[in-house]
Amino acid sequence: MLRFILRRLLAGVILLFVVSSLAYLLLYLGAGDIARQILGVSATQEQVAQKAAQLGLDQPLITRYVTWVGNAITGDFGASWFTSQPVVAAITSRLAVTLSLVFGTTILTAIVATALGVWAARKRGAADRLVQIVSVLGFAIPGFLIAIFLVNVFALNLRWFKPTGFVQLSTSFPGWLSTVTLPILALSIGAIAAIASQVRGSVIDTMRQDWVRTLRSRGLSENRVLYKHVLRNAGGPALAVLAVQFVGLLGGAIIVEQIFAIPGLGPVATQSTARGDIPLVMGLVVVTAAIVVVVNIVIEILHGFLNPKARIS
Amino acid sequence: MSESASTPTPAVATELRAARSHVGRRILRNPTGLVALIVLTVMVLLAVFADLLAPMDPSKANIQDVLAPAGGAHPLGADSAGRDVLSRLLFATRFSIAGALWAVLIAAVIGVTSGLIAGYYQKWFESVSVWVISIIQALPGIVVLLAARAVVGPSIWLIMAVFGVILSPAFYRLTYTAVVGVRNELFIDAARVAGVGDASIIGRHILSVVRAPIIIQAALLAGIGIAVQSGLDFLGLGDTNVPTWGQMLSDAFSRMYQAPILLIWPSLAIALTSISLVLFGNALRDELERAAGKPKKRRRGTAAYVPDASGDAPVTHDEERADDRATLLQVDGLVVGYDQPDGGVKQVVNGVSLTVRKGEVHGLIGESGSGKTQTAWSILRLLPAGGRIVAGTVSFDGKDLAHLSENAMVKIRGRRIAYIPQEPMSNLDPSFTIGSQLVEPMTVTLGISKAEAKERALALLGRVGLPDPKKTFDSYPHEVSGGQAQRVLIAGAVSCEADLIIADEPTTALDVTVQADILDLLRALQSDLHVAVLIVTHNFGVVADLCDRVSVMQNGRIVETGPARSIFRNPRHPYTRSLFDAILEDGAARGPLAHAADRNTITERSAR
């Protein structure tokens, strides 16, 4: 088990290195006269040159890259070009907010999608069609559109929730819950749609397995076989979809945070992108890629727990 | 997400090819597909003729018309800069759809080309692709787009081109799978031998297979493209000179408190287009699957009932000596059928009657598709979905199992009637240890403690001849051999002290050497436990080895029944005789089976 995790971590680190290197080189190769962009058109040629030297832009790209990698390994991702705030500080203060949103969504999604998928697989008929319709709508309608709809209905008209704002999870759980309910709902519908139809499909497939008949022939009730045996076997494919959905949620959170004015990574990402604040963009790329790597490893470990065949490899 | 789109397996590839020509027409007859197609066509027409339809310049701001209500010069009102909403909506339709199509086009060109090359030539190109894909998928698409936006600026075309690259693995995977499937089919070799060039092979055979799946995938990805493009513009990262649905939404959202009505038009446009794209993709897939699925519908064991002219009542042999053992199971006039999509019922068992006495071994013999397994499953009431007992009774210990509630049936299974399946490896839950699969039924049906059940399970594993019961107990099913798995299943069947064991071809899937051991084990257990056994088989050797009594089944009915000895000595029904001939000739060409009306079942059997 430990060797498996170590091997996966090593592969993850390599992937992280490749992704961040590619991002670094593409970002700097694609960028124009950075110092000029920062200072604006009114700056003199001298000021621009001075700024470039200050940012280290006068050195060759390869030197800058090596320095960046060296610093990144020690946890130093430089500072924002516009606010001079260290990248690490700018990101960590907001990372927890986004993660609380994304993990809340993941938990809600896993529970609701499993319940819906099993219900559809079990009842078929009308229940099945209902879940399939919900799946199509959830798949088709973008999350931020759902978010706008929810704000209009539940915040502006019904006034059940505040339209914007955020309370830290560490400050007050009920406060956090009241501010994240709508964002989590908006984010989860698409993921629920995708995972529910996956759960439905794998439960139906698994119910057709020979061993289901044999277990029932031993005197186990259909429900017991379903909830203990079938669900565990159907869980593997559903987890794979959950991993893909998680990556999507991380992206979706950026837009949804903007709608609800939640101080997560979203506003940072939007602002640094619009300004071309490359150190901050690089920091975001590395952090999200690292999260994706870690989540994939966790999902693989969970998969190994569910499926003994996956444990050995 | 994109994984949900269908990928043709090699087996259906040929059928897909045959089916594809009809799919274009079929989609028009599929109501959902037709409606979706109409909506999409209208959207495209609006986009194309936006210049003619728009009443004014979509970018012309007029301070006096800021947030003007609908009516007059502005049929849908004006936005926060006093621009005409209807005109903006029409042009936004043009740019949003064009942006999404542009991304899909880029994705398709990259994905299909690399998929064709990787699938056709494989080798290094394939492993490189795997790496590239895992790099692309290491980041959420939005984050990559944001990074790209930081460099390339707010150009909708450049950003959507980058998004096309991100989407390309979906097309790559689709094409790659299809190509590898088709490539391995013989006709490609035949084509090569005939001197057809590679390009021609790809063009003629492979592209025609992946065309429909690519259209499906394109529809789904276009929906995602619209969502992402609108999302970026909503964040204010798009080109403000190009009206898009996302721009309109962003503008309306900033004035949500003053004029919430402005949110409706872009939202409706995005939702309608996205839903139509998904529904169109799904409808196309459904039609494709329906067209390709037809020949596959025939499942094993659901052979059509062919009326047998000769057989009304089975040939019944007299008892050789009085049998005073009490009747345990009495099946009378059992009819089993499967509900068909057209509302009919396909009968697979047509009025079977048989008797099993206490402690007796009864053989049910017949070729594959004769309905013997269906009979066995219906006694346990464990027929596959769609199957049910249409008529008849199954009397067991004074109860009619055919009409018992499911809850009452649960109490019968395992405890009173146990089951040994045919295929050992597929009949153990791969996710649980063998031990836990033995312990669980004992604790449930016998109500004993886990510790006691474990002790009994270990003893049983020893009893069925497993050399190291402890090791097998802790093993997972994939860690044992087929013969060992069958011993485990036999242990499971006898674990709850049932009165009747239904064994469905318990040796068919095993090696010949293991078969004899398993038969020995069954015989020994049967005489130790005095349990009645109904053994389903197509092998007269098994019958001769174990059975007191035999029923011969053909086309869903019993044709001959009686004591095993008597039937062996004097088989009277022509079908029974032809079965005997089949063993005697063993290996040589078989004579035609009497009354074998269904050719397919014969082929199936000889394929064994």
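Each chain gets a letter, A, B and so on, in the order its sequence line appears, and its residues count up from 1.
Most heavy-atom pairs under 4.5 Å with chain A, from the set B:L139, B:T433, B:I136: that is B:L139. With respect to chain B, the highest number of heavy-atom pairs below 4.5 Å among A:L29, A:V292, A:L145 belongs to A:L145. Comparing A:K228, A:E222, A:R124 by heavy-atom pairs within less than 4.5 Å of chain B, the highest count is held by A:K228. Contact count versus chain A (heavy atoms, under 4.5 Å) is highest, among B:G141, B:P477, B:S230, for B:S230. The candidate from A:R275, A:Q198, A:R224 with the greatest count of non-hydrogen atom pairs under 4.5 Å with chain B is A:R224. When B:G231, B:C496, B:A271, B:A148 are compared by the number of non-hydrogen pairs under 4.5 Å with chain A, B:G231 comes out ahead. The greatest number of non-hydrogen atom pairs below 4.5 Å with chain B, out of A:L22, A:I291, A:V247, A:L265, is found for A:V247. Chain B forms more heavy-atom pairs under 4.5 Å with one residue of A:V293, A:I141, A:T288, A:V281 than with any other, namely A:T288. In terms of heavy-atom pairs under 4.5 Å with chain B, the best-connected choice from A:N152, A:I195, A:L26 is A:N152.
A:L137 places a side-chain heavy atom less than 4.5 Å from the side chain of B:I275. Between B:P260 and A:L156 the shortest side-chain heavy-atom distance does not fall below 4.5 Å.
Within a 6.0 Å sphere centred on CZ of A:F149, other residues, nucleotides and ligands contribute 12 heavy atoms or fewer. Within 6.0 Å of CH2 on B:W265 lie no more than 12 heavy atoms contributed by other residues, nucleotides or ligands.
How far CZ of A:F139 is from CD1 of B:I224: 4.5 Å, rounded to the nearest 0.5 Å. Between A:I254 atom CD1 and B:L145 atom CG the span is 10.0 Å, to the nearest 0.5 Å. Interatomic distance, A:I148 CD1 to B:L263 CG, rounded to the nearest 0.5 Å: 6.0 Å. Considering CG of B:L235 and OG1 of A:T270, their distance stands at 4.5 Å, rounded to 0.5 Å. Between the CG atom in B:L146 and the CG atom in A:L284 there is a gap of 8.5 Å [rounded to 0.5 Å]. With rounding to the nearest 0.5 Å, the separation of OG in B:S250 from CD in A:Q258 is 8.5 Å.
Identified by a heavy-atom distance below 4.5 Å to chain B, the contributing residues of residues 204-220 of chain A are A:D210, A:W211, A:R213, A:T214, A:L215, A:R216, A:S217, A:R218, A:G219, A:L220, in residue-number order.
Side-chain N/O atoms of A:N233 and B:S431 include a donor and acceptor closer than 3.5 Å.
Heavy-atom distances place no part of A:I133 under 4.5 Å from chain B, backbone and side chain included. Heavy atoms of B:V152 lying under 4.5 Å from chain A are absent altogether. Both the backbone and the side chain of A:I255 have a heavy atom closer than 4.5 Å to some heavy atom of chain B. Of the two parts of B:L489, the backbone and the side chain both hold a non-hydrogen atom closer than 4.5 Å to a non-hydrogen atom of chain A. Neither the backbone nor the side chain of B:N407 comes within contact range of chain A, judged by heavy atoms closer than 4.5 Å. Both the backbone and the side chain of B:S267 come within contact range of chain A, judged by heavy atoms closer than 4.5 Å. For B:S495, no part sits under 4.5 Å from any heavy atom of chain A, backbone or side chain. Contacts between B:A493 and chain A at a heavy-atom distance below 4.5 Å involve backbone atoms as well as side-chain atoms. Residue contact with chain A, scored on non-hydrogen atoms closer than 4.5 Å, involves the backbone and the side chain of B:P430 alike. The part of B:L428 that comes within reach of chain A is its backbone (N, CA, C, O), which places non-hydrogen atoms under 4.5 angstrom from that chain.
Across every non-hydrogen atom of B:V278 and A:A140, the tightest pair is CG2-CB, 3.6 Å. Taking both residues in full, the closest heavy atoms of B:D429 and A:H229 are given as OD2-ND1, 2.7 Å, listed atom of the first, atom of the second, then distance. Between B:P140 and A:L250, the shortest heavy-atom contact is CG-CB, 3.9 Å. Between A:F144 and B:A227, the closest heavy-atom pair is CE2-O, 3.4 Å.
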